[in-house]
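Protein chains get the first letters and strands the later ones, always in sequence-line order, with residue 1 at the start of each. Predicted model only: the values in this text are computed from it and were never measured.
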Amino acid sequence: MDEAPEKEFEKTWSSIPGVRGWFMEVNNQPLGKRFMVTAMVFFSLGGVLALLMRIQLSAGELEIIGPELFNQLFTMHGSTMMYLFAVPFLEGLALYLLPLMIGSRDVAFPRLTAFSYWTYLFGGILFYCSFLVGAVPDAGWFAYTPLSGPKYSGLGVDFWLIGLTMVEIAGITAGIEIVVTILKSRAPGMTINRMPLLIWTLLVTGVMILFAFTVLLTATILLELDRAAGTKFFDPQAGGNTLLWQHLFWFFGHPEVYIMFLPATGIVSMVVAAFARRAIAAYNLVVVAIVLIGFVSFGLWVHHMFATGLPELAMSFFTAASLMIGVASGIQIFSWIATMWGARPQLKSAFLWVLGFIFVFVLGGLTGVMVAVVPFDIQVHDTYFIVAHLHYVLIGGVLFPIFAGLHFWLPKITGKMLSERLGKWSFWLTFTGFNVTFFPMHLMGLHGLPRRVYTYPSALGLDGMNLAASIGAFILGSGFIVFLVNFCRSMKRGEMAGNDPWHGETLEWSVSSPPPSFSFRKPPVVRGRSPMWIDGSEVSPAVARAVEAMDSAPTRWRATLGTDPLTAMPQAIQYLPGPTIVPFMASLGLLVAMLGILTQLYLLAPLGMIFLIGAVANWLYPKDDRLHLINHDPVAERSGLPVFTVGVNSTAWWGMLCLLTVLGMVIGTMTFSYFYLRLFSGQWPQEGLPPPGFRLAAPAFAILIGSGVAAFLSWRAVLAGKSGFATWLLAGGFMGGLGFVFLFAAELTGLAFRHDSNAYGSLFHVMSWIILAIVLAATGMSGTVWVRRMKHTDPGIPCNHLPTQLSSMFCVFAAGAGVVVFLVLYVSPVLL
Amino acid sequence: MTTSSFASDRVGRLFVWSSLWLGGIAWLLHLLTAWALAEFGCMSALAGPGPAGISWVAWGILAATVPCLLLCGLASWAGWRCGRGPMGGGETAGFFVRFGLAANPLFALIIIAQTIPVFYHLKDCGIHIVP
């Protein structure tokens, strides 16, 4: 091969140097590393907060830290670990490893990765800026109402809510990234049944994030509206309900722990297979277990609310489901044991962390089965028994696998081996310190020591156990310090790692350490579940042609192979964007908007949103020069694959599907909240308000339905080759959307009640604003696509088809969501 | 059957997707129905006695369980049927068949486990536990 094309290819994939380039980075490898490093910084901060708490609790009746500060410490410790460390770290590891493991060059939406990182970073910084202004969140990592409501808490909770909003948005966008990348970017031959188990866990986790994080995002917005705008969702005196917050929070909160746990089990599967030098036993059953956990984890949330006075019958379903999910976890554990049985694995540091995980997590799981039983849970709820349980499952189930993963993959990431001696010291210090800290807490809890108390009477006789726990905490902390020393030492003078120090089974071990920014110069072809351990077989001519055409190509723009979600057959050459400042600017706009709400400088909020929308519009709008470059590249002809695709062949279609799933969950969350609050209201609408009239609403929603039909038909017209008719239908849809916005806005301004009148008014107005915002966005998109079609009238240009299809999807969704909102707000008060 | 012909066999794909998803959907429907009935029904007149002295809430949950279990059974049958037909030989389709045959009975087991508590609350929803 000529040297020049290869050099041009490498140049296309290289990062822009300097500070400017740092802000413009979109490649998954540096961004994945940034996620992990940032998460580790937050982990360190959360650890320091824990040590401060343990100092205060080392003996009874100490007054080193007062009650207010203690509340802030446990709130920030929990929030940091749950929101700023565990999930972002695992997302960062996923974003780094995914393309390498599935044989792709990058993730599906590189700009979205960059946006996700900046939004996470800004959200995390916002959390900790609360220390600088003396308004640290103090309502716990769960922020139960009414404590977190406007009456009982201050600015600290606003920091929590707004910081968390940004972090959740970052999480959702990373989830979309992971799902679409796994479905659409796997190397040829990596059929869905040949995916590594880590990829399976990431796929299920990504889908879970779309559902779970959206509910929390909606809930945090509702609580912030209660605090800043006077709505009454959680105010019982105005028809709201404090338990609504708990339902919404724990509907997120329980899947959240599995969102952390599942990727951790994926890491364990990879490490066990590599060190046992055999493929994971019962692969099919483990996949069943992963999918089962993904589903059933959404059916357990009420077990966090056993002490709230719900009917016994309702609670008992959740006891049953909580016990049954242990079956799925058990399948995985027995699979690992079966894999290791008789295999004589090497006891390297990574493997020690896996053994530690099994020991600690099983203990945590046993106490989990205990607290799943209502009578027992009533006794130990809010005691140190629960603190012990949650740390055993989270540290054992998540942190230990994270360290196993770090010891396993850092040689790939950095190109340098870690010291085995320091690795073993780090493990044993952490393992010992962890058990010394948290095992006594089971006993403390059974003796009645409540959690979240800044001190306790020495007369309880628990001083000794608390002192032991505090000493254990420092030993645990020292284990992390040793790991940091190990990492720094390896970077300076670690042994060179080589491509495959562990003789691993998956594709990432086939490339250099550290890997090139493009991951694979030529897309690999996968022939089995363990591609590094099996020899090649025949490749079909179509696959061979596609793969050969992509060897160090295209040279002037970034691309990867787009493949079928099930069969991984090549379908398209998928364009990938290069470095750009736009994601950073979009995230900055979001930050400005959030700061406006936080500081009550409300003018900043719309300014920030305009900036965000402008950046996103610039991001999404197809650039003609780029389209021309892609359209005329010889790689399409050489590969026999299209560079412009529509429908399920396009990553954008899947991205839109994920976005609509998220928006659908928002509508679903609001619908649930509506009927939940209605159930507990004696009168509906509340306070004798008249049911809403149909005079303006009925025609408005009828126009909206018409607009959705027009959008649907516009895509059908494109498929039928009637481009001109499609353009006119798009125009009709655009006008209809505008008509709905004006009519419904007039309806809302004429209502007899306000958003702060009572809970009914809050629900009505907020649901209405949400549907207005969705329709406005869909209308904006359809208008843009309509204008673009008017400018580019040549029906032979395929690049107009995808925007038309995506616009059609969005508009149809908006119409459907409108129907749901109409039925809930206008029809249900009459019929039910 | 090759992987690519699996991809083009519409009926085969329908059977395979049913085997993959129906069990989970059945479980989800059961949970939502049972919980909604328990949470909302227990606060209403449905908590009162119905036929044979059993509360309407209990009857509702039992009634919801039957079709959900049938759905799991249908999903398992779809998987078994795929395995016996021309689809069974393909690697990917075979994986889905085995997946369905393992997952759907597990979902059915969880549905049954979630229904057992109803038999302890046939006449009422149980007391509200006051912490």
For this session: Verify side chain to side chain donor-acceptor pair (under 3.5 Å) between A:His303 and A:Thr319, making sure each step is shown before the conclusion.
Result: CA-CA 7 Å; A:His303 74 209; A:Thr319 294; over 6 Å; no
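Heavy atoms of B:Val57 lying under 4.5 Å from chain A belong exclusively to its side chain. Within the 4.5 angstrom heavy-atom criterion, only side-chain atoms of A:Ile331, from C-beta onward, approach chain B. Contact annotation for A:Val296: both backbone and side-chain heavy atoms come within less than 4.5 Å of a heavy atom of chain B. A:Leu285 touches chain B through its side chain: at least one heavy atom from C-beta onward sits under 4.5 Å away, while N, CA, C and O do not. Only the side chain of B:Leu31 comes within contact range of chain A, with at least one heavy atom under 4.5 Å from a heavy atom of that chain. Only the side chain of B:Ile61 has a heavy atom closer than 4.5 Å to any heavy atom of chain A. Both the backbone and the side chain of A:Tyr676 come within contact range of chain B, with heavy atoms under 4.5 Å apart.
Annotation: maximal heavy-atom pairing with chain B below 4.5 Å, among A:Phe318, A:Phe298, A:Phe675, occurs at A:Phe318. Taking chain A as the reference chain and counting heavy-atom pairs below 4.5 Å, the highest number among B:Thr115, B:Val118, B:Ile110, B:Ile116 is found for B:Ile110. Residue with the most contacts toward chain B among A:Gly294, A:Ser316, A:Ala289: A:Ser316 (heavy-atom pairs, distance under 4.5 Å). Ranking B:Gly23, B:Ala38, B:Ala102, B:Ala58 against chain A, the residue ahead of the rest is B:Ala38, based on heavy-atom pairs under 4.5 Å. In terms of heavy-atom pairs under 4.5 angstrom with chain A, the leader among B:Ala36, B:Gly24, B:Ala113, B:Gly41 is B:Gly24.
A:Lys184 places a side-chain N or O within 3.5 Å of a backbone atom of A:Val648 that can act as its donor or acceptor partner. Between the side chain of A:Asn649 and the backbone N or O of A:Gln571, no donor-acceptor pair lies under 3.5 Å. B:Thr92 places no side-chain N or O within 3.5 Å of a backbone atom of A:Thr567 that could act as its donor or acceptor partner.
Using a 3.5 Å distance cut-off with no hydrogens or angles, the side chains of A:Ser673 and A:His247 do not pair a donor with an acceptor. With hydrogens and angles left out, the side-chain atoms of B:Glu39 and B:Trp35 include a donor and acceptor closer than 3.5 Å.
Salt bridge annotation for A:Asp564-A:Arg186: absent, with no cationic side-chain nitrogen under 4.0 angstrom from a carboxylate oxygen.
Applying the 6.0 Å contact sphere to CH2 of B:Trp56 captures no more than 12 heavy atoms from other residues, nucleotides or ligands.
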